[in-house]
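Accompanying notes for the structure given below.
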Amino acid sequence: TQLLEQSPQFLSIQEGENLTVYCNSSSVFSSLQWYRQEPGEGPVLLVTVVTGGEVKKLKRLTFQFGDARKDSSLHITAAQPGDTGLYLCAAADGSNYKLTFGKGTLLTVNP
Amino acid sequence: SAVISQKPSRDICQRGTSLTIQCQVDSQVTMMFWYRQQPGQSLTLIATANQGSEATYESGFVIDKFPISRPNLTFSTLTVSNMSPEDSSIYLCSGGGRNEQFFGPGTRLTVL
């Protein structure tokens, strides 16, 4: 089982600020997924990164996969109140598709 | 993508009773999983639901407490048996393949 360290656990910022969330492990991932979850809803898949060094952009969100495939980051530019939610990284076990989740980052963007 | 629905969305149950949660996917998926989540916290995998055979349980979860069925590629059930207040949580099912999983909205269970 891969252990994922996600940081920070809590983040409260003002609208317009930038932020970065980190996801790290001592193990190599076959792939890593980022999810966003709002209260009362299930997690929604934002992106999957597979290749070391990969960078994916989703509007104001930028996802990066480390060269060694042991770490990943999510950067949000000019955060908006609608970005508020629980952000979760999850590493896939290549052999059986199971996901191991990080502890999550609870983001609050204040207007 | 796949759309996943769960029933019930929430329930309040008495200690010692059992509740069965249903999970329906709108398309065939390779894998289905069941998770537990405390509000505001991360997800803990309970088990992998295997079509036509016994589920594969994670450490700390057993079949007698959480029996799971998956009769076909689009449907699964999780039963929480002989409930206690410690079982109060959000239960989520997911379905998908190697690089993506889609989640249901969850079932919020409160045990009194």
Side-chain angles (χ1 to χ4, degrees), chain A residues 1-12 21 23 25 29-51 54 56 58 63 65 69 72 84-108, chain B residues 1-10 21 23-26 29-51 53 55-61 70 73 89-110:
Chain A
T1 301
Q2 301 178 95
L3 182 63
L4 283 177
E5 299 287 340
Q6 189 173 341
S7 63
Q9 190 173 355
F10 300 97
L11 194 54
S12 180
V21 178
C23 187
S25 175
F29 310 143
S30 61
S31 67
L32 188 134
Q33 301 170 27
W34 284 95
Y35 292 83
R36 176 170 168 265
Q37 184 179 24
E38 296 189 47
E41 304 286 335
V44 174
L45 179 65
L46 296 174
V47 77
T48 300
V49 286
V50 179
T51 305
E54 185 175 7
K56 284 191 174 180
L58 187 64
F63 304 87
F65 203 14
R69 288 163 48 217
S72 182
T84 293
L86 179 66
Y87 289 82
L88 296 154
C89 64
D93 183 324
S95 63
N96 57 23
Y97 302 7
K98 290 195 307 184
L99 290 180
T100 300
F101 281 83
K103 289 189 178 297
T105 296
L106 194 57
L107 171 66
T108 303
Chain B
S1 66
V3 177
I4 299 183
S5 58
Q6 284 184 235
K7 290 194 298 187
S9 59
R10 59 175 62 232
I21 303 168
C23 178
Q24 180 73 55
V25 191
D26 70 342
V29 289
T30 306
M31 308 295 290
M32 291 184 75
F33 301 93
W34 286 95
Y35 294 84
R36 187 167 69 182
Q37 182 183 33
Q38 295 296 330
Q41 298 186 20
S42 191
L43 283 71
T44 300
L45 181 62
I46 296 173
T48 303
N50 299 310
Q51 186 206 355
S53 65
T56 305
Y57 290 85
E58 298 300 304
S59 176
F61 298 96
R70 189 183 174 192
L73 290 174
S89 191
I90 300 167
Y91 292 85
L92 295 137
C93 72
S94 75
R98 180 180 294 279
N99 290 327
E100 57 185 13
Q101 282 190 30
F102 302 97
F103 284 82
T107 296
R108 183 181 289 265
L109 171 62
T110 302

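What you see is a predicted model; the values in this text were computed from it and never measured. Naming convention: chains lettered A, B, ... in sequence-line order (proteins, then strands); numbering from 1 in each chain. All values below come from the heavy atoms of this structure, side chains included, with hydrogens, waters and symmetry mates left out.
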Practice task
Supply the atom-to-atom distance B:Tyr35 OH to A:Phe101 CZ, rounded to the nearest 0.5 angstrom.
Solution key: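 Reported to 0.5 Å precision, the distance equals 5.0 Å.
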Practice task
Report the distance from atom CG of B:Leu92 to atom CD of A:Gln37, rounding to the nearest 0.5 Å.
Solution key: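 Those atoms lie 6.5 Å apart.
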Handout entry: Portion of A:Gln6 that has a non-hydrogen atom of chain B nearer than 4.5 angstrom
Key =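 Interface part for A:Gln6: neither.
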Completion exercise
When the 4.5 angstrom heavy-atom criterion is applied to A:Val50 and chain B, the contacting part is side chain
What part of [X] gets within 4.5 angstrom of chain A, counting heavy atoms only: side chain, backbone, both, or neither?
{"X": "B:Gln41", "answer": "backbone"}
{"X": "B:Gln6", "answer": "neither"}
{"X": "B:Ser1", "answer": "neither"}

Exercise for the section: Please report the shortest heavy-atom distance between A:Leu45 and B:Gln101, naming the atom on each side. Expected result: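 Nearest heavy atoms, A:Leu45 then B:Gln101: CB-O, 4.2 Å.
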Fill in the blank from the handout: Minimal heavy-atom distance between B:Glu58 and A:Lys98, with the atoms involved, is OE2-NZ, 2.9 Å
Problem - Exceeds 12 heavy-atom contacts within 6.0 angstrom, atom NZ of A:Lys56 - result: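 Yes, NZ of A:Lys56 has more than 12 neighbouring heavy atoms, counting only those of other groups under 6.0 Å.
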Practice task
Would you confirm whether B:Ser42, through its side chain, and A:Gly102, through its main-chain N or O, come within 3.5 Å as a donor-acceptor pair?
Solution key: yes
Completion exercise
Ranking A:Pro43, A:Gly104, A:Gly42, A:Ser31 by heavy-atom pairs under 4.5 Å to chain B gives rank one to A:Pro43
Fill in the blank from the handout: Residues passing the ring-ring contact (aromatic ring centres under 6.0 Å, His included) test with A:Phe65, sequence neighbours excluded, are none
Problem - Non-neighbouring partners of A:Tyr87 that pass ring-ring contact (aromatic ring centres under 6.0 Å, His included), sequence neighbours left out - result: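 For A:Tyr87, no residue satisfies ring-ring contact (aromatic ring centres under 6.0 Å, His included) once neighbours in sequence are set aside.
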Exercise for the section: For residues A:Tyr35 and B:Phe103, establish whether the separation of their ring centroids is below 6.0 Å. Expected result: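 Aromatic pair counts; centres sit under 6.0 Å.
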Handout entry: Beyond-backbone contact of A:Leu99 with B:Met31, side-chain heavy atoms, under 4.5 angstrom
Key =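 Heavy-atom side-chain distance check fails, nothing below 4.5 Å.
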Handout entry: Minimum side-chain heavy-atom gap A:Leu88-B:Leu43 below 4.5 Å
Key =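 The answer is yes; the side chains approach within 4.5 Å.
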